[in-house]
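The chains referred to below are lettered A, B, ... by the order of the sequence lines, with proteins before strands, and numbering in each begins at 1.
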Protein chains: 2
Amino acid sequence: MSLRAIKTPAAEEKGTLLGKAGLEGLDLVLDRQRSATDQVHAALRQAIIAVRLAPGSPISENSICRRFDVSRTPVRAALQRLTEEGLVYVYPQIGSFVAPIRLAGLQDNHFIRRSLEVALLREVAPRWTPDMSLRMRQSIAQQKQVIAKGDGDGFYHADEEFHHHLASFAGREGVWQAILAAKVQLSRFQRSWQTKERLPDVIREHTAIIDALDQHDLAGAETALLTHLDMIFVIFARLPEAQRQSLFE
Amino acid sequence: MSLRAIKTPAAEEKGTLLGKAGLEGLDLVLDRQRSATDQVHAALRQAIIAVRLAPGSPISENSICRRFDVSRTPVRAALQRLTEEGLVYVYPQIGSFVAPIRLAGLQDNHFIRRSLEVALLREVAPRWTPDMSLRMRQSIAQQKQVIAKGDGDGFYHADEEFHHHLASFAGREGVWQAILAAKVQLSRFQRSWQTKERLPDVIREHTAIIDALDQHDLAGAETALLTHLDMIFVIFARLPEAQRQSLFE
DNA sequence: CATTTGCAACTTGGATACAAGTGTTATAGT
DNA sequence: ACTATAACACTTGTATCCAAGTTGCAAATG
């Protein structure tokens with residue numbers, strides 16, 4: 001198995017092959033009250049989802065130990081949690097790597113998210129209230145604000161909140177957790193290739209969904225939601241061939 | 001916090017409060033080739049799903065170490081994995097316990113499973129082939145066999161295979177994994193209170209789904225699938241009040 | 001007798017040492 | 001020059017030790 005062939009550019013430059021494989025930007029002040037495992041897990045998870053850690057990057061346990069100044073035990077626990085979430089691959093005796101973004105998994109994850117959000121919409125639509133509409137439009141307004149500020153992370157969170165509302169209105173937080181789990185890979189894909197030019201379109205699509213709901217037009221809301229979610233395929237289609245290839249392993 | 005009050009009956013009889021909290025029936029011969037973590041995880045997971053380990057049972061790391069004759073490290077890893085799956089609760093400095101079965105979680109899990117399976121059905125129905133029908137009916141035939149043999153575990157697996165086919169026909173194994181994750185709590189519920197009298201009904205419901213698909217009746221198949229899945233509520237409604245109460249904590 | 005205080009036994013969280021496997025590299029032999 | 005082998009650096013898996021927190025009981029104290 002020639003997995004060791006995966007090297008960080010820095011390691012190729014100088015021969016040392018130290019463990020600083022994309023972890024440079026990360027830092028973490030340990031809060032002795034909370035568990036070290038949770039903090040390492042949260043830090044790595046956020047870095048992977050925000051693609052500050054590139055897919056395929058080697059992240060050995062010891063390199064993380066040195067980076068965060070904790071022992072291997074909480075680091076191992078964090079990596080195992082990330083493995084469960086599909087964000088890290090561990091090859092025994094070889095190494096641990098940030099999970100690559102693969103089209104096959106992307107399609108399944110998109111199917112899950114799509115199905116669940118549509119199911120939530122169908123449950124919420126008949127009980128749609130002006131208060132719900134108001135809160136959704138407030139969320140959209142916030143999305144416009146963070147776009148104006150050019151805050152990528154902010155838009156990501158505002159967008160997530162918008163979709164979260166749908167589950168909250170249905171009283172199904174557990175379903176939102178499932179969507180969140182399916183969404184991580186999609187988020188990594190979007191953060192990799194979504195351009196800023198698309199963001200105003202996202203606003204329009206969100207607005208179209210709420211407009212349809214306000215008019216008690218379930219079918220219209222459903223198609224609006226679907227076209228919004230399926231835009232990920234448009235992003236994919238517009239990808240240059242070279243980058244598209246990377247999604248097939 | 002009075003969690004220590006949760007004691008196993010055996011521990012209440014003799015005062016020792018040893019760690020043999022329902023683990024008696026479990027056994028495991030360690031295969032030194034595979035990782036100890038995986039084997040402990042699989043053994044515990046199976047025992048919890050099959051309700052051989054009662055919900056609420058205390059399972060301390062050390063008790064499992066003594067039971068399986070491994071060190072705490074792989075046991076800890078296995079318990080953390082089970083925590084991720086929602087099968088075990090860990091209270092630091094207090095203990096680890098088999099997760100209780102709660103109605104709130106059951107409803108969300110059922111919603112997820114229902115939505116995903118219906119979505120799969122809608123995708124498969126237009127592409128329905130005689131070969132698919134054949135394999136489904138073979139699965140049903142096997143279900144009849146294991147019922148005749150009175151093999152509870154066998155029926156569980158055959159039933160699972162039936163639903164798995166749906167995802168396979170759609171070419172979405174990843175979706176099946178998600179269904180599986182949502183299904184564990186439902187399985188524990190069914191294994192706790194589903195009577196053998198219902199099993200022939202399950203056969204009928206499965207057959208009704210395939211019959212509708214064979215007649216290219218998507219709407220009929222969908223309602224048949226939904227009534228089949230929603231039978232879990234009927235099981236719940238028929239529950240004696242005392243047992244029903246236990247699901248509200 | 002009632003209350004409090006401290007000890008003992010238990011729990012999980014973290015740190016560290018060792019075991020075993022893998023891949024590269026340098027060195028010795030041909 | 002080329003090949004084979006051995007040493008080395010690196011990886012994750014496991015075992016064990018210590019730290020810190022919780023609980024129950026027993027003994028000491030009023």
Side-chain angles (χ1 to χ4, degrees), chain A residues 1-8 11-12 14-21 23 28 30-41 57-83 88-98, chain B residues 1-8 11-12 14-21 23 28 30-41 57-83 88-98:
Chain A
M1 207 186 300
S2 169
L3 276 168
R4 186 65 60 86
I6 304 172
K7 281 181 184 171
T8 166
E12 283 174 343
K14 52 183 310 190
T16 48
L17 184 53
L18 254 176
K20 43 194 312 188
L23 298 176
L28 183 59
L30 273 186
D31 176 4
R32 283 300 169 189
Q33 300 305 315
R34 291 169 45 214
S35 108
T37 298
D38 287 349
Q39 297 175 62
V40 173
H41 167 76
S57 301
I59 44 173
S60 84
E61 297 171 358
N62 280 321
S63 67
I64 302 172
C65 293
R66 289 190 289 270
R67 192 76 197 80
F68 293 156
D69 195 47
V70 291
S71 84
R72 272 186 63 205
T73 308
V75 170
R76 272 182 68 74
L79 284 185
Q80 282 164 357
R81 236 183 260 181
L82 292 168
T83 301
V88 164
Y89 284 0
V90 173
Y91 300 94
Q93 276 73 46
I94 293 177
S96 305
F97 304 87
V98 176
Chain B
M1 206 185 299
S2 171
L3 278 170
R4 187 64 60 86
I6 304 172
K7 281 181 187 172
T8 168
E12 281 173 343
K14 52 183 309 191
T16 49
L17 183 54
L18 254 176
K20 43 193 312 187
L23 299 176
L28 183 59
L30 274 186
D31 174 4
R32 283 300 168 189
Q33 299 306 316
R34 290 168 49 214
S35 105
T37 299
D38 287 349
Q39 298 175 60
V40 173
H41 168 75
S57 301
I59 44 172
S60 84
E61 297 171 0
N62 279 323
S63 67
I64 301 173
C65 293
R66 289 190 288 268
R67 193 75 195 80
F68 292 155
D69 195 47
V70 291
S71 84
R72 267 186 63 207
T73 309
V75 170
R76 273 180 66 76
L79 284 186
Q80 282 163 359
R81 232 183 266 181
L82 292 168
T83 301
V88 164
Y89 284 0
V90 173
Y91 301 95
Q93 276 74 45
I94 293 176
S96 306
F97 304 86
V98 177

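Residue-to-nucleotide proximity on DNA chain C shows that, of A/R32 and B/E61, the 5′-proximal contact is made by B/E61.
Following rounding to the nearest Å, B/R34 (CZ) and D/dT14 (P) show an atom-to-atom distance of 11 Å. Rounded to an integer number of Å, the gap from CG of B/D69 to C1' of D/dT14 is 13 Å. Rounded to an integer number of Å, the gap from A/Y91 OH to D/dT12 C1' is 14 Å. A/D31 has its CG atom 16 Å from the P atom of C/dG13, to the nearest Å. We find that CZ of A/F97 is positioned 15 Å from P of D/dC10, with the value rounded to whole Å. In this structure, A/I94 places its CD1 atom 11 Å from P of D/dG13, rounding to the nearest Å. Straight-line distance from the CD1 atom of A/I64 to the C1' atom of D/dT12: 12 Å, rounded to whole Å.
Inter-residue side-chain proximity for A/T37 and B/Q80 is flagged as unmet; no heavy-atom pair is nearer than 4.5 Å.
Dashed line: the shortest gap from a side-chain N or O of B/S35 to OP1 or OP2 of D/dT12 is not under 4.0 Å. Of the side-chain N and O atoms in B/S96, none sit less than 4.0 angstrom from OP1 or OP2 of C/dT11. Between A/S60 and D/dT11, a side-chain N or O to OP1/OP2 separation shorter than 4.0 Å is present.
For A/E61, the side-chain hydrogen bond (donor to acceptor under 3.5 Å, both in side chains) partners at least two apart in sequence or on another chain are A/R72, A/R76.
Other residues, nucleotides and ligands contribute at most 12 non-hydrogen atoms within 6.0 Å of the CG atom of A/D69. The environment of CG in B/D31 is crowded: more than 12 heavy-atom neighbours from other residues, nucleotides or ligands sit within 6.0 Å.
With distances taken from any side-chain atom of A/R72 to the nucleotides C/dT12, D/dT12, D/dA15, the minimum falls on D/dT12. The side chain of B/R76 approaches C/dT12 more closely than any other nucleotide in the set D/dA15, D/dT11, C/dT12. Among the nucleotides D/dA15, C/dA15, D/dT12, the one closest to the side chain of A/V70 is C/dA15. Of all nucleotides listed (C/dG21, C/dT11, D/dT14), C/dG21 comes nearest to the side chain of A/Q93. Distances from the side chain of B/N62 to the nucleotides C/dG14, D/dA15, C/dT11 place C/dT11 closest. Distances were taken from every side-chain heavy atom of A/P92 (C-beta onward) to each of D/dG13, D/dT22, D/dT11; the shortest belongs to D/dG13.
Distance check, rounded to the nearest 0.5 Å: CG of A/L82 to OG of A/S96 gives 10.0 Å.
As judged by a 4.0 angstrom heavy-atom cut-off over every strand, A/T73 is placed among the base-contacting residues. Counting non-hydrogen atoms under 4.0 angstrom, B/A36 reaches the backbone sugars and phosphates but no base.
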